[in-house]
Amino acid sequence: MMRSTAKLSAAALTAGLGVTVFMGGNAAMAAGPAPSDSAAATKAASTQAAQQQLSSFFVRYERQQQGQLVTDQSVTKAQAAAKAPRLEGSAQSVYSLSPSFVKGEANAPVATFSYMAIGAKSTTGQQATMWLSKSGKSWKVWNIASGLDEAVYPAKAAGGTVFTEPQIHAWYRLANGRVTGLNDTAVSSVGKSGVTVAAYQRLVHTRYADKLPGSQYQQSGKLGGFSPSTGVSKPAPDRGPAPALMALGAGGAAAAAAGIVVARRRRVQG
């Protein structure tokens with residue numbers, strides 16, 4: 001089952017295409033947020049406005065879970081209040097595979113900061129993750145996605161750095177010069193014992209180097225999945241949360257600093 005998302009800001013141009021734009025952080029945040037940013041992002045997700053958005057998301061998400069074909073996206077105050085969402089823990093930093101690393105640029109980091117994420121649950125059992133980006137001095141919710149991956153996996157850093165290869169929905173831990181898998185897709189990608197950073201760079205270079213901005217692949221407007229075991233550009237099987245469908249890289253002013261990844265997802269209108 002594909003993940004449900006609610007776009008709360010940005011990427012409005014894709015609204016009619018059924019795609020979600022994963023935006024990287026701005027240049028100032030490329031190396032990661034300050035320690036105080038987790039508390040600030042958590043506070044932003046706790047505001048009344050953010051909680052109302054989350055409640056509405058849960059109402060619409062439940063409708064999708066029940067298989068309803070809903071044309072009326074309205075949510076009453078009573079329906080939203082019945083969801084009584086609660087946040088799970090504090091906001092986590094989400095890092096994503098770096099286009100510069102894929103290219104093989106000297107001293108490029110394996111992953112760069114993308115956004116903050118915090119998990120939430122409703123009283124009726126739905127789970128979701130709120131994604132926040134920094135606008136000026138403030139953190140703002142710009143997306144809500146079903147599931148808790150973006151909040152749960154970063155908490156497994158244990159002294160290392162957790163990052164995602166969103167093109168195949170893989171989560172890894174980088175520590176002591178090795179990249180090891182945290183979920184089944186990642187283990188399929190790098191094996192049970194993981195690989196060295198150099199070996200991982202060769203792997204992702206094979207998968208994506210010909211699909212970066214400016215490539216013939218991107219210019220042709222192709223969208224395709226990636227097999228984690230082979231790197232072949234062909235539709236990957238559905239592994240639950242939507243596999244991303246477009247390569248890494250910058251794409252427009254909003255995402256110019258750290259690149260974007262586009263993924264096809266069922267969307268719950270926010």
Side-chain angles (χ1 to χ4, degrees), residues 22-46 87-121 127-134 139 145 147-205 207-208 228 239 241 244 248 257-259 261:
F22 294 0
M23 299 192 301
N26 56 36
M29 299 299 292
S36 60
D37 281 312
S38 175
T42 301
K43 184 177 180 180
S46 304
L87 299 182
E88 299 285 309
S90 57
Q92 302 288 326
S93 301
V94 177
Y95 290 79
S96 297
L97 179 62
S98 165
S100 298
F101 180 76
V102 172
K103 291 179 183 178
E105 294 181 3
N107 301 315
V110 176
T112 53
F113 175 76
S114 291
Y115 53 90
M116 301 293 288
I118 185 167
K121 293 182 179 179
Q127 298 177 325
T129 306
M130 305 175 80
W131 300 2
L132 301 98
S133 62
K134 200 168 189 178
W139 287 91
L148 297 174
D149 286 3
E150 293 85 0
V152 170
Y153 284 111
K156 299 178 181 291
T161 300
V162 170
F163 71 96
T164 180
E165 184 183 333
Q167 295 74 17
I168 59 172
H169 192 65
W171 287 90
Y172 305 93
R173 179 175 178 263
L174 170 62
N176 302 317
R178 293 190 69 81
V179 176
T180 54
L182 292 177
N183 65 351
D184 290 344
T185 304
V187 172
S188 296
S189 174
V190 298
K192 292 183 178 179
S193 60
V195 296
T196 64
V197 170
Y200 182 66
Q201 194 281 326
R202 291 192 294 271
L203 182 65
V204 294
H205 183 84
R207 287 179 183 160
Y208 309 123
R239 298 180 180 85
L248 303 96
V261 176

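Throughout, numbering of the chain's residues begins at 1 and tracks the sequence.
In this structure, the side chains of Glu165 and Arg207 come closer than 4.5 Å at one or more pairs of heavy atoms. Looking at heavy atoms from C-beta onward, Met116 lies in side-chain contact with Pro33 at the 4.5 angstrom threshold. Contact of the Val195 side chain with the Tyr172 side chain is not registered, since no non-hydrogen atoms from C-beta on lie closer than 4.5 Å. Side-chain contact between Phe163 and Ser114: absent, with no pair of heavy atoms (C-beta onward) separated by less than 4.5 Å.
Interatomic distance, OH of Tyr153 versus OG1 of Thr129, reported as 11.5 Å (0.5 Å rounding). Here OG of Ser100 is found 11.0 Å from CG of Asn107. Values are rounded to the nearest 0.5 Å. Tyr200 OH to Leu174 CG: the interatomic distance, rounded to the nearest 0.5 Å, is 9.5 Å. How far OG1 of Thr196 is from CG of Asn176: 13.0 Å, rounded to the nearest 0.5 Å.
The minimum heavy-atom distance between Val190 and Leu203, with the atom names listed, is CG1-CD2, 4.2 Å. Nearest heavy-atom pair across Ala44 and Leu132 is CB-CD2, 3.8 Å. Annotation for Leu182 and Ala186: closest pair N-CB, 3.9 Å, computed over non-hydrogen atoms. For the pair Asp149 and His169, the tightest heavy-atom approach, listed with the atom from each and the gap, is OD2-NE2, 2.8 Å. Heavy atoms only, all atoms of each residue included: Ala120 and Leu87 are closest at CB-CD2, 4.1 Å. Closest approach of Glu150 and Val94 over heavy atoms only: O-CG2, 3.6 Å.
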Test side chain to side chain contact (heavy atoms under 4.5 Å, CB included) applied to Tyr95 and Val110, step by step: CA-CA 9 Å; Tyr95 290 79; Val110 176; over 6 Å; no
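In this structure, the side chain of Ser189 does not engage the main chain of Thr185 through any donor-acceptor pair within 3.5 Å. Here the side chain of Arg173 pairs a donor or acceptor atom with the backbone of Ala158 at under 3.5 angstrom. In terms of modelled atom types and a separation under 3.5 Å, the side chain of Thr164 and the main chain of Ala170 share a donor-acceptor contact. In terms of modelled atom types and a separation under 3.5 Å, the side chain of Gln201 and the main chain of Val102 share a donor-acceptor contact. Counting only distance, with no hydrogens or angles, the side chain of Thr112 and the backbone of Ser98 share no donor-acceptor pair below 3.5 Å.
Ring pair Phe113/Trp139 is perpendicular by interplanar angle, where above 60° counts as perpendicular and below 30° as parallel.
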